[in-house]
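Contents: one structure, followed by commentary.
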There are 2 protein chains.
Amino acid sequence: MEYTVHELARLAGVTSRTLRYYDEIGLLKPGRLSESGYRLYGPREVDRLQQILFYRELGVDLETIKQIVHSPSFDELKALRQHREQLLEKRRHLDALIANVEKTIGAKERGIMMSDKEKFAAFKERLMEENEQKYGEEIRQKYGEEQVNRSNEKLRNMTKEQFDEAEKLSKDVLEALKEAMLSGDPGGEAAQRAADLHRQWLSFWWDHDSKEAHAGLARLYVEDERFKAYYDRVHPGAAEFLKEAILIYTGMKDR
Amino acid sequence: MEYTVHELARLAGVTSRTLRYYDEIGLLKPGRLSESGYRLYGPREVDRLQQILFYRELGVDLETIKQIVHSPSFDELKALRQHREQLLEKRRHLDALIANVEKTIGAKERGIMMSDKEKFAAFKERLMEENEQKYGEEIRQKYGEEQVNRSNEKLRNMTKEQFDEAEKLSKDVLEALKEAMLSGDPGGEAAQRAADLHRQWLSFWWDHDSKEAHAGLARLYVEDERFKAYYDRVHPGAAEFLKEAILIYTGMKDR
DNA sequence: ATAAACTTTGACGCAACGTGAAAGTAAAGA
DNA sequence: TCTTTACTTTCACGTTGCGTCAAAGTTTAT
């Protein structure tokens, strides 16, 4: 079954412009072109679009989606399971907002004061939700619910100074990683410095201050498409390179 | 209790840039300025920001939010109740997406085919949600919660043929309006035909099959900037002209 | 007194399209 | 078979809601 632009747009609830834009940026190419140059979408493209719409619903930017779905190691079933978990998390956030607005209504009806902090408690979670969208799901699967909640708790209690320091470290990691890749040696000084910066960054979120945990997360970086895509923006292969650097740094290279 | 930009940004989980931008566009002005020109936000602004964040969460554009919260008839408690309803609706949409991804997972695991329509069923609702975001809030405040929900219910139950017919009627209205304006006479045959086409179009969305409701909506067309802008694209003054035509058509001209 | 953090205004850049134009193709209607 | 309508192509400008940077001033901490 093949669809034209208009037909697929109607089927999926997007616009024709969206599909042409996705073609233009290489996110979703038509299966084939007709003799006249019309885009025609087949079953593979239909499934691909469904995945894309899930990622979009979860707020992932299009460039990242592109890298994820185009990865040779992309696992559709695994991705669907991840979508499900993140949609559930998104619903929990929405539940918090609904609880907050109900609390606000109740307070107003009874003439009871709500603290300013209470008024924004649910919106404040957005910061964590965005963090969650970037990393939470994978860490949750690998290291369990408790660790992620502890990371979020840490974030909630973090001062702006600490948050900014973590952000700066995050950027430093990327910069150091870029420089280290020029040398090509994951065991070299530059790469080891990137691994150390990464450890410092990690300490903002994690209690697992062990080499094992650090190394395990590093392995996750190439296993999961989103981490891979995030680091590979520095340079293709950066995620793999960082993993190697961290394995050497933690002494876990040969285990 | 007064907050600086930075303090309020942290409290609410937004950025300082966001607050300055909201000041710039007149959406959220600080309560007062310090001697040095620093923005200071008081309790009224805190409550206003909470409302704004609810609207933003619901995807309402900032210009619309501005018009709503600055309206003399703005009712905070009523707005909070509406937020609650719409957040619940948003959760239902999310529930549908979660059910859809679970269905997709189940189908893949069992090697069962899902129809292309099923794959996008939950995303298709986005069309209605966006319609809601564009017009629902205003119509809701003007004509109440129930009418908007009935419009959405009608849309949800509409066949593709009916939707297309409504779309075609929408275009017919614009075409007829364009022709009628050439005559310049809102009471003339051409203008009255445009008013009748509009009534036919309206019947797809509304239960209020009364002249009063039709006339009231017509008045809204020139009072509200978005409706005005939409019709004035045909020709400057088209919204006013259509209002006049509908008032004559419904016999409500002199009331 | 100095440094760091925060503030002001101004301004350019960006993502993800919407919208319009000009010209060609496919499908439906007379 | 011709005409009309609907859809297609590519190209290109516009929009929203900020992010980010710069330059200079103010407030707070050391």
Side-chain angles (χ1 to χ4, degrees), chain A residues 2-30 32-41 52-53 55-57 59-66 126-127 130 159-165 167-168 171 233, chain B residues 2-30 32-41 52-53 55-66 126-127 130-131 133-134 160 164-165 167-168 171-172 174-175 225-226 229-230 233-234:
Chain A
E2 276 183 332
Y3 299 98
T4 64
V5 162
H6 180 65
E7 288 167 346
L8 184 56
R10 299 189 64 89
L11 179 72
V14 300
T15 65
S16 301
R17 178 72 185 102
T18 296
L19 293 178
R20 293 191 185 98
Y21 181 61
Y22 287 4
D23 182 6
E24 179 186 331
I25 65 176
L27 174 57
L28 179 70
K29 291 289 190 185
R32 71 181 183 90
L33 300 181
S34 74
E35 279 189 8
S36 319
Y38 277 32
R39 297 169 177 85
L40 297 172
Y41 298 87
I52 291 169
L53 294 185
Y55 282 116
R56 233 183 50 167
E57 180 68 31
V60 182
D61 68 287
L62 298 184
E63 181 57 34
T64 301
I65 300 175
K66 177 183 171 184
R126 178 181 297 277
L127 196 67
E130 284 167 4
T159 68
K160 166 162 167 60
E161 292 75 17
Q162 287 171 315
F163 183 78
D164 283 358
E165 191 181 339
E167 282 286 285
K168 186 176 182 304
K171 292 192 171 82
R233 281 188 295 177
Chain B
E2 278 184 330
Y3 298 99
T4 63
V5 161
H6 179 60
E7 289 167 346
L8 183 57
R10 299 186 63 88
L11 179 72
V14 300
T15 66
S16 302
R17 178 72 184 103
T18 296
L19 292 178
R20 293 189 186 99
Y21 182 60
Y22 286 3
D23 183 6
E24 178 186 331
I25 65 174
L27 175 58
L28 179 71
K29 292 288 192 185
R32 70 182 184 89
L33 299 181
S34 76
E35 280 188 9
S36 318
Y38 276 34
R39 296 169 177 86
L40 295 173
Y41 297 86
I52 291 169
L53 294 185
Y55 281 116
R56 234 183 50 169
E57 179 67 31
L58 294 164
V60 182
D61 68 286
L62 299 184
E63 181 58 35
T64 301
I65 300 175
K66 179 182 170 184
R126 181 181 298 275
L127 195 68
E130 284 167 4
N131 179 62
Q133 283 167 8
K134 280 180 178 177
K160 166 174 161 50
D164 285 353
E165 189 180 340
E167 285 283 284
K168 185 175 181 308
K171 291 193 171 83
D172 288 345
L174 293 184
E175 277 304 309
E225 292 310 319
R226 257 118 10 104
Y230 177 78
R233 283 188 295 178
V234 166

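Chain letters run A, B, ... following the sequence lines, proteins first and then strands; every chain starts at 1. Note that the structure is predicted; figures quoted are calculated from it, not measured.
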Between atom CD1 of I52(A) and atom NZ of K66(A), what is the distance when rounded to the nearest 0.5 Å? 11.0 Å
I need the [atom1]-[atom2] distance between [X] and [N], as an integer number of Å.
X      : N       : atom1 : atom2 : result
Y22(B) : dC18(D) : OH    : C1'   : 9 Å
L33(A) : dC7(D)  : CG    : P     : 20 Å
I25(A) : dC11(D) : CD1   : P     : 16 Å
I65(B) : dC18(D) : CD1   : C1'   : 14 Å
L19(B) : dG19(D) : CG    : P     : 10 Å
E35(A) : dA27(C) : CD    : C1'   : 17 Å
L28(B) : dG17(D) : CG    : P     : 15 Å

What's the shortest heavy-atom distance between [X] and [Y], and which atoms?
X      : Y      : answer
Y41(A) : L8(A)  : CG-CD2, 3.5 Å
S16(B) : V5(B)  : CB-CG1, 3.4 Å
I65(B) : V60(B) : CD1-O, 3.4 Å
E2(B)  : E7(B)  : O-OE1, 3.9 Å
R39(B) : L33(B) : CA-CD2, 3.9 Å

Residue list, side chain to side chain contact (heavy atoms under 4.5 Å, CB included) with T18(B), at least two apart or on another chain: V14(B), T15(B), Y22(B), R56(B)
Sub-3.5 Å donor-acceptor pair from the side chain of S36(A) to the main-chain atoms of Y38(A), do we have one?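 Not at all, since once roles are kept as given, no pair shorter than 3.5 Å links the two residues.
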Side-chain contact test, heavy atoms from C-beta onward, threshold under 4.5 Å: evaluate it for T4(A) versus L40(A) and give yes or no.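 Heavy-atom side-chain distance check passes, below 4.5 Å.
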Just checking T15(A): base, sugar-phosphate only, or nothing, at a heavy-atom cut-off of under 4.0 Å? sugar-phosphate
If an axis is fit to five pairs at each end of the helix from dA1(C)-dT30(D) to dA30(C)-dT1(D), what is the angle between the two, to the nearest 10°?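 Between the axes fitted at each end of the helix from dA1(C)-dT30(D) to dA30(C)-dT1(D) lies an angle of 30°.
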So if I define the base as every atom that isn't primed, P, OP1 or OP2, how would nucleotides 7-15 of chain C read as a B/S/- string at a heavy-atom cutoff under 4.0 Å? SBB-B----
Please tell me if R10(A) has a side-chain N or O lying less than 4.0 Å from either OP1 or OP2 of dA6(D). no
